[in-house]
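Heads up: the structure comes next, in C-alpha cells.
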Amino acid sequence: MVPQDSSKWEVLGSNPTRNVITYTSLIYGLCLSSRWDEVSKMLKEMKDEKLSPDVQTFSVLVDVFCKEDGYCLRGEMTKARTLFNSLMSKGLVPNVITYNTLLNGYCKYLKIEEAMHMLHEITRKGMKPDIATYNTMIHGLFRVGRCGAARKLLDEMLGQGQTPDECNYGIILDGLCNDQQVEEALSLFHLLGSNKLNSNIVVYNILIDGLCKCGNLDTARDLFHNLTVKGLHPDVQTYSIMVSGLCGKGLLKEAKHLFHKMVENGCPPDNVTYRVLLQGYLKNQHCDDVEMLLREMEGRSYSLDASTLSLLIDQIVAGSIDRSMLKLIGRLMPMN
DNA sequence: TTAGGGTTAG
C-alpha cells in the first residue's frame, strides 16, 4: 500500500534502503492508484539521487503506458513503444517479461503484426518465450480470427516443451468455440477426461456458452448438470450463460426457474444476470415480469446497459409496456 | 524483498 501522502516517505531520506528496488516498488504502487504526479516526482528524485531506473522500473512503466495508450490514444502504442526503445538506448537489456508486457499491449489493441514481431525478436535475441508469451499471442491470434496460426503456435509451444496451463487451455477452448468449432472443443474436453485442467469452472463456462451459442442447448444442459456430479459449483457467470441460452430458445419458464434457484444455491444473480433475463423477456414479448425485475434491480443499485434499454424502449413504443415505467427506467440509467 | 502474462456471462 502507498500512503495517501507520499511526503510521509521522506523518512526514507535518511534510510539506506532508498534504492532502485524501493523506488520501483513505490512507483508500481503509485501507478496502480493512478497517482501520476507522484510517479513523475519519484522518477525525478531517482535522477537527483543518481539512481538509474532498472529493467523492472522500465517494465512497470511500459505496462502503464500500454494501458494508457489503449485508453487515451486509441491503442496506437506510441508511448509504450518509445519508452521500450529508450530502455535499449540506455544500455538496459529488456528481458522476456519486458517483451511480454509490450506484446500484451499490442495484442490487446489487435496490433497482431507488431505483436508477432515482438515474439520473433524474443527468439532472435536468444531468449525463450515463456507460457505467458504464448498465451498472449495465441489469444491475440484467435481474437483476430487467425485460428490456423493460433493452432500452429500452440504446436510450436508444445514442441518447445511448454506444458499447457489452465489459462492456455481456456484460451484454446474459447478460440475453438468462437471459430464455430465447438465440437472440436468438446472432443478435446472429453479427451482430457478427469485431467486437472477439466476441474475448472471457467472451462465449463466457456463450453456451455459455446454450446448455447451454436444452438446445442441439450448438451449445454448436460454439462451444466454434470458440474455438480463432479463436485464443482456453478458461479454467477455459469448461471447467466444458462439463463441466456434458455432465453435464446424461448424457454422463459425454465430460465425464470433457474434464476430463482440461484439465491437458493447461494449464488445470487448479479447485474448481468438481471440484464440477460430482462432481455430474454423483452425479446420474447413477455412483459409481465419486467416491472418487478426493474424494481429489484433498483433495490440493488443495478443499472441498465444500452442494449437492454433499447429493447425496453421498443416495447414502450409498441405499447407492450406502460409509459409510466419510464420514470423507473430513468432511475436505472448508469450514473457515469 | 521491485515488473509481465492469459480463459468465461450482458
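Model, not experiment: these values are computed from the prediction. Lettering of chains follows the sequences in order, A, B, ..., and the numbering in each one begins at 1. Below, all heavy atoms of this structure are taken into account, side chains as well, without hydrogens, waters or symmetry copies.
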What's the closest nucleotide to the side chain of [X] if the choices are [options]?
X: A/Asn205; options: B/dT2, B/dT7, B/dT8; value: B/dT8
X: A/Val60; options: B/dG5, B/dT2, B/dA3; value: B/dA3
X: A/Gln279; options: B/dG10, B/dT8, B/dT7; value: B/dG10
X: A/Val55; options: B/dT7, B/dA3, B/dG10; value: B/dA3
X: A/Asn95; options: B/dT2, B/dG5, B/dA3; value: B/dA3
X: A/Ser59; options: B/dG10, B/dA3, B/dG5; value: B/dA3
X: A/Thr273; options: B/dT7, B/dA9, B/dT2; value: B/dA9
X: A/Val272; options: B/dT2, B/dG10, B/dA3; value: B/dG10
X: A/Val202; options: B/dA9, B/dT7, B/dT2; value: B/dT7
X: A/Thr98; options: B/dG10, B/dG5, B/dA3; value: B/dA3

With a 3.5 Å cut-off and sequence neighbours excluded, list the donor-acceptor pairs that the side chains of residues 258-267 of chain A form with protein atoms.
| residue | atom | partner | partner atom | Å |
| --- | --- | --- | --- | --- |
| A/Asn265 | ND2 | A/Tyr239 | OH | 2.9 |

What's the [atom1]-[atom2] distance between [X] and [N], to the nearest Å?
X: A/Leu30; N: B/dT2; atom1: CG; atom2: C1'; answer: 13 Å
X: A/Tyr28; N: B/dT2; atom1: OH; atom2: P; answer: 11 Å
X: A/Leu211; N: B/dT8; atom1: CG; atom2: C1'; answer: 13 Å
X: A/Asp54; N: B/dT2; atom1: CG; atom2: C1'; answer: 7 Å
X: A/Ile27; N: B/dT1; atom1: CD1; atom2: P; answer: 15 Å
X: A/Leu173; N: B/dA9; atom1: CG; atom2: P; answer: 13 Å
X: A/Asn168; N: B/dT8; atom1: CG; atom2: P; answer: 13 Å
X: A/Leu176; N: B/dT8; atom1: CG; atom2: P; answer: 14 Å

Check the pair A/Lys152 / A/Glu156 against salt bridge (Lys or Arg N to Asp or Glu O under 4.0 Å), numbers first and verdict last. CA-CA 6 Å; A/Lys152 214 175 132 196; A/Glu156 189 187 308; over 6 Å; no
Using 0.5 Å steps for rounding, measure from the CG atom of A/Asn195 to the CG atom of A/Asn200. 11.0 Å
Within a radius of less than 6.0 Å around NZ of A/Lys47, do more than 12 heavy atoms belonging to other residues, nucleotides or ligands occur? no
Please lay out, stage by stage, how A/Phe58 and A/Phe65 fare under the test ring pair (Phe, Tyr, Trp, His ring centres under 6.0 Å). CA-CA 10 Å; A/Phe58 269 97; A/Phe65 280 6; 9.8 Å; no
Test salt bridge (Lys or Arg N to Asp or Glu O under 4.0 Å) on A/Lys213 and A/Asp209 and set out the steps. CA-CA 6 Å; A/Lys213 286 191 174 131; A/Asp209 188 49; 2.7 Å; yes
With a 4.0 Å cut-off on heavy atoms, is A/Leu102 in touch with a base, just the backbone sugar-phosphate, or nothing at all? nothing
Would you mind classifying the nucleic acid contact of A/Asn271 as base, sugar-phosphate or nothing, using non-hydrogen atoms under 4.0 angstrom? nothing
At their closest point, which heavy atom of A/Thr123 faces which heavy atom of A/Leu119, and how far apart are they? OG1-O, 3.1 Å
Which atom pair, heavy atoms only, marks the closest approach of A/Asn271 to A/Ser303? OD1-O, 3.1 Å
Within the structure, does a side-chain N or O atom of A/Lys213 lie under 4.0 Å from either OP1 or OP2 of B/dG10? yes
Can you pull out the residues from residues 300-316 of chain A that lie within a 4.0 Å heavy-atom distance of DNA chain B? none
